[in-house]
Protein chains: 2
Amino acid sequence: MIDSSIKEYVLKVYPFSEGELLTVAPYFHKILLNRGTDLLREGALCNSIYLVESGSLRSFYNKEDGSDVNLHFTFEGEYTTSFMAYLNREPSQLTIQAMEDTVVWQLNLRNYPRPKDSNNPFSTYIRRLAIRLLISTEEHYNMLMMNNPVERYQYILSNKPFLLQKVSLGHLASYLGITRETLSRIRNNKY
Amino acid sequence: MIDSSIKEYVLKVYPFSEGELLTVAPYFHKILLNRGTDLLREGALCNSIYLVESGSLRSFYNKEDGSDVNLHFTFEGEYTTSFMAYLNREPSQLTIQAMEDTVVWQLNLRNYPRPKDSNNPFSTYIRRLAIRLLISTEEHYNMLMMNNPVERYQYILSNKPFLLQKVSLGHLASYLGITRETLSRIRNNKY
DNA sequence: GACCTTTTTTGATAAATATCACAGAGTAGC
DNA sequence: GCTACTCTGTGATATTTATCAAAAAAGGTC
């Protein structure tokens with residue numbers, strides 16, 4: 001069953017009819033996560049896309065020195081997965097973790113037989129999701145490549161100001177490819 | 001007509017039958033490029049994927065200070081495009097340019113009616129290509145994020161040594177997110 | 001082979017950012 | 001409201017890498 005709580009987020013990606021929604025419902029499973037719980041762990045296989053109903057997730061790589069690098073944050077109404085791990089069917093390099101108590105819907109893509117005609121609504125929905133996720137990662141990386149730390153912070157201010165409210169400075173720093181200290185100084189106009 | 005020169009590269013991605021190859025042939029157009037010619041220019045729309053028969057291409061972003069940043073190199077038997085520009089149907093941020101005299105095959109994806117059933121061989125071929133391209137960009141960016149300049153050079157030595165033969169130090173440097181001078185010093189063990 | 005152009009190397013210096021150490025704020029639990 | 005814990009801010013310093021300038025090497029052309 002697709003809750004009214006997430007219906008809006010599903011329809012925003014693909015305008016399913018009421019009848020189609022019923023067909024698609026079995027693909028969705030609700031998961032409750034406590035703060036700090038891993039939804040996908042580095043090294044695990046990834047067969048799902050996740051939709052956040054409430055709360056928030058972060059996706060990060062572990063570096064050899066023990067620190068982690070945030071690649072992506074996912075909030076209410078947004079989707080995430082490790083697309084590389086999913087497509088290559090190889091262990092995920094990414095960990096996806098709840099930043100607070102979070103409700104997610106899992107779209108388990110391999111438990112169900114793939115429809116023959118991939119122009120059906122569900123397949124198109126999944127393809128659109130995949131495209132959104134891949135493009136947003138690529139845009140983020142492009143932004144990092146094209147800008148210095150101060151410009152990256154200004155980019156967040158202009159384009160994703162909600163991140164400043166929702167994410168700790170430490171998490172935001174690695175997302176921007178800099179240290180906590182540097183971001184703190186940028187934020188307080190020390191540069 | 002699909003030349004025997006590229007047939008191998010097409011079949012490597014999808015095992016078309018001889019009959020299917022005939023169906024698919026009209027999607028391919030041969031283009032000859034002189035060294036330095038732009039195949040796709042920043043600001044242009046992008047409706048194609050390109051397959052290199054011989055020669056080589058580089059894909060780069062122009063930075064505001066006039067320098068450019070190489071994102072990708074494409075050699076014989078490989079494919080490239082600006083996937084973001086193609087999917088979003090927006091002007092390309094990327095320029096794709098011939099590094100030497102180059103023969104490419106253009107797969108113009110919008111000049112032909114989309115088959116209804118996207119599980120047909122050609123659609124699957126295109127989807128597989130898209131996935132390859134997106135993943136290779138993501139892997140490259142991940143590599144840059146996870147490694148310092150010396151490690152990035154060692155990564156190339158271990159994983160893409162042919163780049164050292166085929167690409168100038170200057171082009172390789174921006175691909176690795178560093179300056180020519182730094183790459184030269186790394187290569188000569190000054191770090 | 002001489003000449004011109006481009007690429008690579010090297011040294012000196014400057015700039016940016018990280019690292020380290022610690023103080024101060026904020027927050028959660030009791 | 002106190003305590004412990006985590007997060008943020010600041011200064012001092014170190015490190016990394018860029019920048020600038022110029023020489024050396026390599027490649028192309030006639």
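Reckoned from all heavy atoms, side chains included, excluding hydrogens, waters and symmetry mates. In what follows, chains carry the letters A, B, and so on, assigned in the order in which the sequence lines appear, proteins first and then strands, with residues in each chain numbered from 1. What you are looking at is a predicted structure, and each value in this text was computed from that prediction instead of being measured.
- Minimum atom distance to the side chain of B:Thr179 is reached by D:dA18, of the listed D:dA18, C:dT8, D:dG9.
- The nearest whole Å value for the distance from the CD atom in B:Glu100 to the P atom in D:dG27 is 15 Å.
- Remark: A:Asp68 pairs with A:Arg58 by the salt bridge (charged side-chain N to carboxylate O under 4.0 Å, His left out) rule, at least two apart or across chains.
- A sub-4.0 Å separation between OP1 or OP2 of D:dT8 and a side-chain N or O of A:Ser184 is absent.
- Rounded to an integer number of Å, the gap from CD1 of B:Ile178 to P of C:dT17 is 16 Å.
- Contacts classified as side chain to side chain donor-acceptor pair (under 3.5 Å) and involving residues 151-166 of chain A (residues at least two apart or in different chains) are given here: A:Lys160-A:Tyr175.
- In this structure, A:Arg35 places its CZ atom 10 Å from P of D:dT6, rounding to the nearest Å.
- Regarding contacts with the backbone of D:dT16, every side-chain N or O of B:Asn148 stays at 4.0 angstrom or more from both OP1 and OP2.
- With sequence neighbours left out, the salt bridge (charged side-chain N to carboxylate O under 4.0 Å, His left out) criterion links B:Glu8 to no other residue.
- Set against C:dT10, C:dA18, D:dT8, the side chain of B:Asn188 has C:dT10 as its closest nucleotide.
- An angle of 50°, rounded to 10°, separates the two end axes of the helix from C:dG1-D:dC30 to C:dC30-D:dG1, each defined over five pairs.
- In this structure, A:Tyr50 has no side-chain hydrogen bond (donor to acceptor under 3.5 Å, both in side chains) partners at least two apart in sequence or on a different chain.
- Sorted by first and then second residue, the salt bridge (charged side-chain N to carboxylate O under 4.0 Å, His left out) pairs with a member in residues 15-29 of chain A read A:Lys7-A:Glu18; sequence neighbours excluded.
- Aromatic ring centres of A:Tyr141 and B:Tyr141 lie closer together than 6.0 Å.
- The nearest whole Å value for the distance from the CZ atom in A:Arg180 to the P atom in C:dT17 is 17 Å.
- Not counting sequence neighbours, the partners of A:Ser174 by the side-chain hydrogen bond (donor to acceptor under 3.5 Å, both in side chains) test are A:Asn70.
- Taking A:Lys63 as the reference, nothing meets the salt bridge (charged side-chain N to carboxylate O under 4.0 Å, His left out) condition, with sequence neighbours excluded.
- Contacts between residues 155-176 of chain B and DNA chain D, defined by a heavy-atom separation under 4.0 Å, are absent.
- Within the structure, the side chain to side chain donor-acceptor pair (under 3.5 Å) test picks out the following pairs touching residues 31-40 of chain A (sequence neighbours left out): A:Asp38-A:Arg41, A:Asp38-A:Gln97.
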Pairs under 3.5 angstrom, nitrogen or oxygen only, protein versus nucleotides 11-14 of chain D, please.
| unit_1 | atom_1 | unit_2 | atom_2 | d |
| --- | --- | --- | --- | --- |
| D:dG11 | N7 | A:Arg185 | NH1 | 2.8 |
| D:dG11 | O6 | A:Arg185 | NH2 | 3.2 |

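- Residues in residues 133-147 of chain B take part in no salt bridge (charged side-chain N to carboxylate O under 4.0 Å, His left out) pair, two or more places apart or across chains.
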